[in-house]
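Working notes, structure below.
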Amino acid sequence: MIQIKDFKDYEGKQIETQGWVMNKRSSKGIEFLILRDGSGFVQAIVTETEAGEQAYTAAKQCNQETSVRIKGTVVKDEKQIGGYELHISQLEIIGHSEDYPISNKAHGIEFLADNRHLWLRSKRQWAIMKIRNQIIFAIHNFFQKEGFVQMDAPIFTGNAAEGTTTLFSTDFYEQPAYLSQSGQLYGEAMAMAMGKIYTFGPTFRAEKSKTRRHLSEFWMIEPEMAFFDLEMNMNLIEAFLKFVTASVLENCKPEFEILERDTTIFENMANTNFTRLTYDDAVKILKGEKEVNGRKTTETLQQDLSEVLQEIEKINQEISEKEKAISESTISKGQSNFIRNKIDQLKNTLKDLEVKAKNIPEWLKSAADFTYGEDFGGSDETVLTRMFDVPVMVYNWPHEVKAFYMKRDKNSPLLAKGVDVLAPEGYGEIVGGGERETDLNLLIEKINEHKLPMSVFEWYLDLRKYGSVPHSGFGLGLERMVAWVCKLPHIRETIPFPRMYGRLMP
RNA sequence: UCUCCCUUAGCUCAGUCGGUUAGAGCACCUGACUGUUAAUCAGGGUGUCCUUAGUUCAAGUCUAAGAGGGAGAGCCA
């Protein structure tokens, strides 16, 4: 059995392969089957004259998603996806497929989510899952080559670790237990044993968030390094993100093509330093008080807005021209159908643009009204990252908006040594991390301040009693990374079976 | 939890000022065409108009409540 991805090695040869029929087109005496086998996609043809009656009749019986076993010849054809075509000589149906729900036309998101188990077979989803796989592989490669030890943190926890988010509660032998929202505290303990560690596991948050960047169950990578300060941490984050994006860039060209993802941003990133801003500077830029490359946020976003408005104007004109064309009697039925489809598409893009046009002034207002000392909101991140085309690291945060374990800055008592990495192109926070507090008294003070139960943190405080060292770490949200790399509009497509508010099936 | 929007055929949607028999495309079936790229062309039928209550001579259309979905806020990776 030869896989589609390997057809390039079998040009002109007879081969045997198997897969599913994604789509079928036909003309007199010839059937065009688009096949997929998980490794790739290829067009196969069956002609009545060359393949013979058996194969031709079998091909005619194929519907969308019929599984088949095929013998045929690999022929070079530049016009085709992948550059090759399969000329079938024998075709055997393995499993029939009747009334496959997902057609080649547009579907709504709810319908696709309900059919997620089948949606995964679509080309676009295939590309996303392959990129997700490559990202995971690259993450392990990076940390393993840097001498990190992978560890698994517990999923059942006895306490709401950081006290901030709502957790899923469950029953652990008649004791209340929570599903882990982070493996970090356990990671710190392990780092004191192994030096450098990373966790790679599921994380659960019970927030009723219905936005394009939230899941209830997601996968997080949390490295933790002994003898690391904030700056070393930031250097590591930068090297790490560059390694992962370079690896995807190198290994996922066909996938990016399917997604129509422009990858120049990753090419540029490889040779450019990430922008590093203190919280203070980030706030000034956000509020339009400080320029970036001679431009203020207000100017840049105003220009974005007028571009969106022009685009809306253009599409409205195109729609009315097309509607006029349909109303003329000389037009054929086929042509008018085609134009109607186009109009539907245009109306959808119009809706998106209108939302954008509505949002931009609101974002600007919210940025201008930003109060120093608060955490950034989603729109603030979008406005800020809009000014740069590499990831932006914001560090030295007001300690009050950060978690209790974040190290306070001795020189500026109001600040903590945290760092957030904001992805460009409007994707916002993908990494959160920082240097950890080592001062036992400050930690105890903070735990009391956050009204957290001291008893459950006693083991954690032990880490500061016995040979405490400066240490740092960070957390990367895998799905947010995938969403950004693939430039997806929503995080729900980045994981095979998303669990989010209102979605537990399939 | 809050704000705005949506719910009509298997799917994507249109449905004007409340008016008589509910509209298209796709999918599906039949036929035509030997190179199609979401192929095209001709023909074929499909409805709990989300639910409940109300206003009205008359409700897919108006009002209220509820359910489900989407976008945003908060929270966060």
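Below, read A as the first sequence line, B as the second, and so on, with proteins coming before strands; counting in each chain starts at 1. Just the heavy atoms: all of them, side chains too, but no hydrogens, waters or symmetry mates, feed the values below.
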| task | Answer with base, sugar-phosphate or nothing: what part of the nucleic acid does A:G432 contact at a heavy-atom distance below 4.0 Å? | result | sugar-phosphate
| What's the CD1-P distance between A:I360 and B:rA71, to the nearest Å? | 18 Å
| said: Of the listed nucleotides (B:rA39, B:rC76, B:rU34), which one gets closest to any side-chain atom of A:T49? | reply: B:rU34
| said: Within the 4.0 Å heavy-atom criterion, would you say A:N115 contacts the bases, only the backbone, or no part of the nucleic acid? | reply: nothing
| message | Classify A:E362 by what it touches in the nucleic acid, base, sugar-phosphate, or nothing, heavy-atom distance under 4.0 Å. | response | nothing
| task | Starting from C1' on B:rC76, measure out to CG on A:L179 and report it in whole angstrom. | result | 17 Å
| task | Could you check A:K208 against A:L476 and say which one's nearest nucleotide on RNA chain B is further toward the 5' end? | result | A:K208
| Is A:I34 touching bases, backbone alone, or none of the nucleic acid, heavy atoms closer than 4.0 Å? | nothing
| field | Pairwise 5' ranking along RNA chain B for A:S379 and A:R503, keeping only the more 5' one | value | A:R503
| P spacing across the pair B:rA53 / B:rG69, given as an integer number of angstrom | 24 Å
| For A:D420, which contact category applies under a 4.0 Å heavy-atom criterion: base, sugar-phosphate, or nothing? | nothing
| request: Ignoring hydrogens and angles, answer whether the base of B:rG35 and the side-chain atoms of A:E85 contain a donor-acceptor pair closer than 3.5 Å. | output: yes
| Gap between atoms CZ and C1', on A:R492 and B:rA77 respectively (whole Å) | 18 Å
| field | Distance, rounded to the nearest Å, where A:E31 contributes CD and B:rU37 contributes P | value | 15 Å
| task | Between B:rC49 and B:rA22, how far apart are the P atoms? Round to whole Å, please. | result | 11 Å
| request: Would you check if the side chain of A:E11 reaches a backbone N or O of A:V74 as a donor-acceptor pair within less than 3.5 Å? | output: no
| For A:K79 and B:rG35, is the shortest distance between a side-chain N/O and OP1 or OP2 below 4.0 Å? | no
| note | Rounded to whole Å, NZ of A:K210 lies from C1' of B:rC75 at a distance of 16 Å
| request: Round to the nearest Å and state the distance from A:D99 atom CG to B:rG10 atom C1'. | output: 8 Å
| task | Would you indicate, yes or no, if B:rA27 has its OP1 or OP2 atom less than 4.0 angstrom from a side-chain nitrogen or oxygen of A:N63? | result | no
| said: Under the criterion of centre distance below 5.5 Å and interplanar angle below 30°, is A:F32 classified as stacked on the base of B:rA39? | reply: no
| field | A:E435 to A:L230 - nearest heavy-atom pair and separation | value | OE1-N, 2.9 Å
| said: Can you measure A:I491 atom CD1 to B:rG72 atom P for me and round it to whole angstrom units? | reply: 12 Å
| Where the side chain of A:S27 is concerned, which of B:rU36, B:rC33, B:rC75 is the nearest nucleotide? | B:rC33
| said: In whole Å, measure the gap between the C1' atoms of B:rG18 and B:rG54 for me. | reply: 15 Å
| query | What is the glycosidic conformation of B:rC57: syn, defined as within 90° of 0, or anti? | reply | anti
| request: For B:rG10 versus B:rG68, give the span between their P atoms, rounded off to a whole number of Å. | output: 22 Å
| query | Given B:rG35, B:rU34, B:rC11, which nucleotide is nearest the side-chain atoms of A:H87? | reply | B:rG35
| field | Short side-chain donor-acceptor distance under 3.5 Å, A:H140 and A:Q150 | value | no
| said: Between A:Y395 and A:K417, does the side-chain contact (heavy atoms from CB on, under 4.5 Å) criterion hold? Intermediate values first, please. | reply: CA-CA 7 Å; A:Y395 64 101; A:K417 295 186 169 185; over 6 Å; no
| message | Using the side-chain heavy atoms of A:S26, tell me which of these nucleotides is nearest: B:rC11, B:rC33, B:rA77. | response | B:rC33
| request: Check if the side chain of A:Q80 and the base of B:rU36 share a donor-acceptor pair of N or O atoms closer than 3.5 Å. | output: yes
| query | Backbone N or O of A:A483 within a donor-acceptor pair of the A:T494 side chain at under 3.5 Å? | reply | no
| query | Mind checking the C1' distance from B:rA77 to B:rC5? Whole angstroms is fine. | reply | 28 Å
| query | Nearest of B:rG69, B:rU34, B:rU37 to any side-chain atom of A:K28? | reply | B:rU34
| field | N/O donor-acceptor pair, side chain A:H107 with base B:rC11, under 3.5 angstrom | value | no
| message | Expected output check: what is the dot-bracket annotation of RNA chain B, where ( ) and [ ] are pairs inside the strand (brackets for crossing ones), | is paired with another strand, and pairs are Watson-Crick or G-U under 3.5 Å? | response | (((((((..((((.....[...)))).(((((.......))))).....(((((..]....))))))))))))....
| said: Does A:T211 reach a base, just sugar-phosphate, or nothing at all? Heavy atoms under 4.0 Å. | reply: base
| B:rU52 and B:rA67: how far apart are their P atoms, nearest whole angstrom? | 15 Å
| request: Please work out if A:G428 contacts a base, only the sugar-phosphate, or nothing of the nucleic acid, heavy-atom cut-off 4.0 Å. | output: nothing
| Looking at A:R213, does any N or O in its side chain come under 4.0 Å of the phosphate oxygens OP1/OP2 on B:rG74? | no
| How far does the C1' atom of B:rU56 sit from the matching atom of B:rU48, given to the nearest Å? | 23 Å
| Under 6.0 Å between ring centres, would you say that holds for A:F457 and A:F404? | yes
| task | Side chain of A:R480 only, please: which of B:rA77, B:rU36, B:rG70 is the nearest? | result | B:rA77
| query | Distance between the C1' atoms of B:rA58 and B:rA39, in whole angstroms? | reply | 47 Å
| Distance-only side-chain donor-acceptor flag, A:Y405 / A:Q184, under 3.5 Å | yes
| message | Distance alone, cut at 3.5 Å: any donor-acceptor contact between the side chains of A:Q54 and A:Q90? | response | no
| remark: From the candidates B:rC26, B:rA77, B:rU37, the one with an atom nearest any side-chain atom of A:E429 is B:rA77
| request: Determine whether the side chains of A:Q134 and A:S247 contain a donor N or O and an acceptor N or O closer than 3.5 Å. | output: yes
| field | Test side chain to side chain contact (heavy atoms under 4.5 Å, CB included) applied to A:F497 - qualifying residues, sequence neighbours left out | value | A:R116, A:H117, A:L120, A:R499, A:P506
| request: For A:Y501 and B:rC76, give me the distance from atom OH to atom P, rounded to whole Å. | output: 19 Å
| message | Check this for me: does the side-chain of A:E48 come within 3.5 Å of the base of B:rU34 through a donor and an acceptor? | response | no
| task | Would you indicate which nucleotide in B:rG72, B:rG68, B:rG35 comes nearest to any side-chain atom of A:R212? | result | B:rG72
| message | According to ring pair (Phe, Tyr, Trp, His ring centres under 6.0 Å), who are the partners of A:F370, at least two apart in sequence or on a separate chain? | response | A:F376
| said: For a quick check of understanding: with a heavy-atom distance under 4.0 Å over all strands, which category does A:I102 fall into, base, sugar-phosphate or nothing? | reply: nothing
